[in-house]
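Encoded as structure tokens, here's the structure I'll be asking about.
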Amino acid sequence: MLPTKAYGAQSATAAIAPLEIARREPGPHDVLFDILYCGVCHTDIHMSRGQFPRSIFPMVPGHEVIGKVVQVGSAVSQHQAGDIVGVGCLVDSCRECAECHAGEQQFCNGRVGTYNAYERDGKTPTYGGYSTRMTVDEAYVLKISPKLDPAAAAPLLCAGITTYSPLRHWKVGRGSKVGVIGLGGLGHMAVKIAAAMGADVTVLSTSEGKKADALRLGAADFAVTKTPDTFSRLAGHFDLILNTVSASVNYDAYISLLKRDGSLVILGIPDGPLALNAFGLMLKRRSVSASLIGGIRETQEMLDFCAEHGIVSDIETIPIDKINEAYERILKSDVRYRFVIDIASLR
Ligand code: NAP
Ligand code: ZN
Ligand code: ZN
């Protein structure tokens with residue numbers, strides 16, 4: 001085993017602090033890489049504070065991982081030493097079910113999360129990117145184009161694919177009217193990607209001060225959701241609304257902004273069951289749905305799309321010992337727009 005420096009939580013009430021983990025020696029299909037950067041997703045906060053069922057402690061968060069390959073196994077064909085690679089929210093899946101065959105590994109019942117999960121043996125915990133190196137099966141390792149800045153590309157591995165996948169699934173293209181609720185890590189990626197697909201994007205935000213950023217990121221319009229006028233002005237306007245808020249929202253109010261057959265897609269984790277009125281859906285055959293990250297093939301497609309369109313995340317780089325402060329700032333929506341840990345600070 002390879003002793004590896006990391007930062008993680010010993011319990012749901014503990015701060016993120018230094019600890020040591022072990023990575024496996026690379027097997028024939030494995031890629032061993034030094035981690036360069038790791039994005040900080042709001043899910044890291046939900047998970048490390050035990051807000052999802054079945055937390056596994058100690059927990060090393062981090063699923064927006066960029067690294068440089070150090071060694072590959074004898075059967076590895078897609079990656080070689082020196083390559084810049086990425087790992088997102090998945091490090092394995094059953095590879096046999098219909099979801100895996102369809103390349104939608106995120107829906108596989110045997111999927112293995114990058115952290116807060118067990119390997120397919122059911123007993124070895126997985127540890128995320130707040131660490132200096134990682135061993136991952138090559139089938140779950142993504143290629144990062146040299147056109148992309150490696151630090152700013154890290155958030156593409158979760159925030160990028162989580163917004164790209166529903167934009168593709170709901171067939172967003174030139175002229176589509178797309179609303180994005182919440183301008184945070186996911187939200188700002190949704191704006192950039194939807195705008196690059198040709199959509200007419202409106203940001204729906206609680207933070208008046210984010211208007212100039214929203215327009216710079218590619219939005220055509222910005223509306224403050226605390227103002228009731230927003231909901232009359234934009235009634236029946238959108239084909240698709242992506243909700244990236246990390247809490248519950250007034251679903252009926254947002255449903256009223258959809259056109260006939262429009263969809264509200266939930267990406268942010270609500271803090272309880274959804275409360276909504278069926279009439280808002282019935283009267284214009286609208287839908288409410290939800291989406292979970294994206295599969296490996298689509299994640300590579302998204303990375304290539306971003307390289308082609310020059311899209312990366314707007315980031316604030318931090319050393320690892322600032323991680324607890326970063327969590328508090330994320331909770332106050334005070335991040336423009338993703339923290340990325342420079343893992344050199346952990347070596
Ligand atoms: P984030 O950077 O904190 O952004 C969330 C944004 O939502 C904030 O910037 C804020 O934007 C808005 N917001 C926050 N609290 C709010 C509240 N109480 N009411 C209204 N608006 C609020 O978080 P993130 O990393 O983008 O993640 C967002 C959510 O998506 C989290 O719950 C995360 O766990 C989840 N997630 C889901 C998936 C998936 O596969 N479905 C993947 C990754 C993350 P404004 O200032 O503009 O209002
Ligand atoms: Zn995430
Ligand atoms: Zn499967």
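All ligand and atom numbering here is 1-based and tracks the order in the structure.
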Nearest neighbour of atom 12 (C) of ligand 1 from the list Ser165, Gly88, Gly182, on a heavy-atom basis: Gly182

Where ligand 1 meets Thr162 - atom numbers and elements under 4.0 angstrom, heavy-atom basis: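 Close to Thr162: 38 (C), 39 (C), 40 (O), 41 (N), 42 (C).
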
Could you pull out the N/O/S protein atoms under 2.8 Å of the Zn ion (ligand 3), ignoring any water?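 Protein N, O or S atoms closer than 2.8 Å to the Zn ion (ligand 3): Cys94 SG, Cys97 SG, Cys100 SG, Cys108 SG.
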
Kindly indicate, with the supporting measurements, whether the criterion salt bridge (charged side-chain N to carboxylate O under 4.0 Å, His left out) is fulfilled by Arg120 and Asp92. CA-CA 8 Å; Arg120 283 161 70 200; Asp92 211 343; 3.5 Å; yes

Kindly confirm whether the Zn ion (ligand 2) is within less than 2.8 Å of some N/O/S atom in His42? no

Min side-chain heavy-atom separation Leu157-Leu142 under 4.5 Å: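 Result yes, sub-4.5 Å side-chain heavy-atom pair found.
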
Close-contact set for ligand 1 against Cys158 heavy atoms, below 4.0 Å: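 With Cys158 as reference, the close atoms of ligand 1 come out as 42 (C), 43 (C).
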
Candidate pair Arg24 and Glu119, rule salt bridge (charged side-chain N to carboxylate O under 4.0 Å, His left out), full reasoning: CA-CA 12 Å; Arg24 65 176 184 267; Glu119 296 282 3; 3.3 Å; yes

Tell me, with the steps shown, if Ser289 and Ser287 meet side chain to side chain donor-acceptor pair (under 3.5 Å). CA-CA 6 Å; Ser289 189; Ser287 306; over 6 Å; no

Answer yes or no: does an N/O atom from Thr206 fall short of 3.5 Å to an N/O atom of ligand 1? yes

Heavy-atom side-chain proximity of Phe231 to Thr225 below 4.5 angstrom: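 Touching, per the 4.5 Å side-chain cut-off.
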
For Arg338, the ligand 1 atoms whose distance to one of its heavy atoms is below 4.0 Å: 24 (P), 25 (O)

Below a 4.0 angstrom heavy-atom separation, can you tell me which part of Ser246, side chain or backbone, both or neither, approaches ligand 1? both

So if you build clusters from Ile, Leu, Val, Met, Phe, Trp, Tyr with side-chain heavy-atom gaps below 4.5 Å, do Val288 and Val180 land together?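 No.
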
For ligand 1, which atoms, with element, lie under 4.0 Å from some heavy atom of Lys210?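 Going through ligand 1 atom by atom, the ones under 4.0 Å from Lys210 are 9 (O), 11 (O), 45 (P), 46 (O), 47 (O).
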
Ranked by distance from atom 4 (O) of ligand 1, the top protein heavy atom is Gly184 CA, 3.4 Å

Gln106 heavy atom under 4.0 Å from ligand 1: no

Same hydrophobic cluster for Val249 and Leu267, using side-chain heavy-atom links shorter than 4.5 Å among ILVMFWY?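 As far as the 4.5 Å side-chain criterion goes, Leu267 and Val249 are not connected within one cluster.
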
Between Tyr7 and Asp321, is the side chain to side chain donor-acceptor pair (under 3.5 Å) condition met? List the steps. CA-CA 9 Å; Tyr7 257 61; Asp321 61 5; 5.6 Å; no

Is the distance from the Zn ion (ligand 2) to the nearest N/O/S atom of Cys41 under 2.8 Å?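 Yes, since at least one N, O or S atom of Cys41 sits under 2.8 Å from the Zn ion (ligand 2).
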
In terms of side-chain heavy atoms, does Tyr164 have a donor or acceptor partner in Glu301 at a distance below 3.5 Å? yes

Is there a path from Val172 to Ile241 through hydrophobic residues (I, L, V, M, F, W, Y) whose side chains come within less than 4.5 Å of each other? no

Can you name the closest pair of heavy atoms from Ile320 and Ser345 and give their distance? N-OG, 2.9 Å

Can you list the atoms of ligand 1 that are under 4.0 Å from a heavy atom of Leu292? 40 (O)

Taking atom CG as the centre, does Asp271 end up with more than 12 heavy-atom neighbours from other residues, nucleotides or ligands that are less than 6.0 angstrom away?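 Enclosed: over 12 neighbouring heavy atoms sit under 6.0 Å from CG of Asp271.
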
What's the verdict on salt bridge (charged side-chain N to carboxylate O under 4.0 Å, His left out) for Lys177 and Asp200, showing C-alpha distance, side-chain angles and the deciding distance? CA-CA 5 Å; Lys177 304 268 189 249; Asp200 182 337; 3.1 Å; yes

Measuring from atom 33 (C) of ligand 1, which candidate in Thr43, Leu204, Val224 has the nearest non-hydrogen atom?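 The residue whose heavy atom sits nearest atom 33 (C) of ligand 1 is Thr43.
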
If you take the nearest heavy atom of each of Cys41, Ser291, Gly268, which one is closest to atom 29 (C) of ligand 1?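 Considering heavy atoms of Cys41, Ser291, Gly268, the nearest to atom 29 (C) of ligand 1 sits in Gly268.
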
What is the closest protein heavy atom to atom 22 (C) of ligand 1, and at what distance does it sit? Val245 CG1, 3.3 Å

Consider side chain to side chain donor-acceptor pair (under 3.5 Å). Of Arg336, His188, Arg216, Arg338, which one does Asp314 pass it with?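 Checked Arg336, His188, Arg216, Arg338 against Asp314; only one passes side chain to side chain donor-acceptor pair (under 3.5 Å): Arg216.
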
Of the listed options Ser205, Gly185, Cys89, closest to atom 47 (O) of ligand 1 (non-hydrogen atoms):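 That would be Ser205.
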
Parallel, tilted or perpendicular, judged at 30° and 60°: which one describes the rings of Tyr327 and Tyr130? tilted

With nothing but distance in play, are any N or O atoms of Phe52 less than 3.5 Å from an N or O of ligand 1? no

Note: His46, heavy atoms under 4.0 Å from ligand 1, region reported as side chain

With respect to Val335, determine whether any N or O atom, backbone or side chain, lies less than 3.5 Å from an N or O atom of ligand 1. no

Would you say Leu186 has any N or O atom under 3.5 Å from an N or O of ligand 1, going by distance alone?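 Looking only at distances, the answer is yes, because the N/O contact criterion of under 3.5 Å is met.
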
Should Tyr140 and Ser93 be marked as a side chain to side chain donor-acceptor pair (under 3.5 Å) after you check the CA-CA gap, both sets of side-chain angles, and the distance that decides it? CA-CA 9 Å; Tyr140 299 80; Ser93 64; 2.8 Å; yes

Closest non-hydrogen protein atom to atom 24 (P) of ligand 1, residue and atom name please, with distance? His42 CB, 3.6 Å

Could you go through Arg49 and Glu328, starting from their C-alpha distance and side-chain angles, then the distance that decides it, and tell me whether this counts as salt bridge (charged side-chain N to carboxylate O under 4.0 Å, His left out)? CA-CA 12 Å; Arg49 297 189 175 178; Glu328 293 312 314; 3.0 Å; yes

Note: ligand 1 atoms sitting under 4.0 Å from heavy atoms of Thr244 are 5 (C), 28 (C), 29 (C)

Judged by non-hydrogen atoms, does Ile293 sit under 4.0 Å from ligand 1?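 A heavy atom of Ile293 does come that close to ligand 1.
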
Angle at the Zn ion (ligand 2), NE2 of His63 to SG of Cys158, rounded to 10 degrees, please.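 If I round to 10°, I get 110°.
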
Please work out whether the ring planes of Tyr115 and His63 are parallel, tilted or perpendicular, with thresholds of 30° and 60°.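 Answer is tilted, since the angle falls between 30° and 60°.
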
Atoms of ligand 1 less than 4.0 Å from Ala247 heavy atoms?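 Selected atoms, number and element: 18 (N).
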
Report whether Ile144 and Ile311 are members of the same hydrophobic cluster (ILVMFWY, side-chain heavy atoms less than 4.5 Å apart, transitive linking). yes

The closest protein heavy-atom partner of atom 10 (C) of ligand 1 is Ser333 OG, 3.4 Å

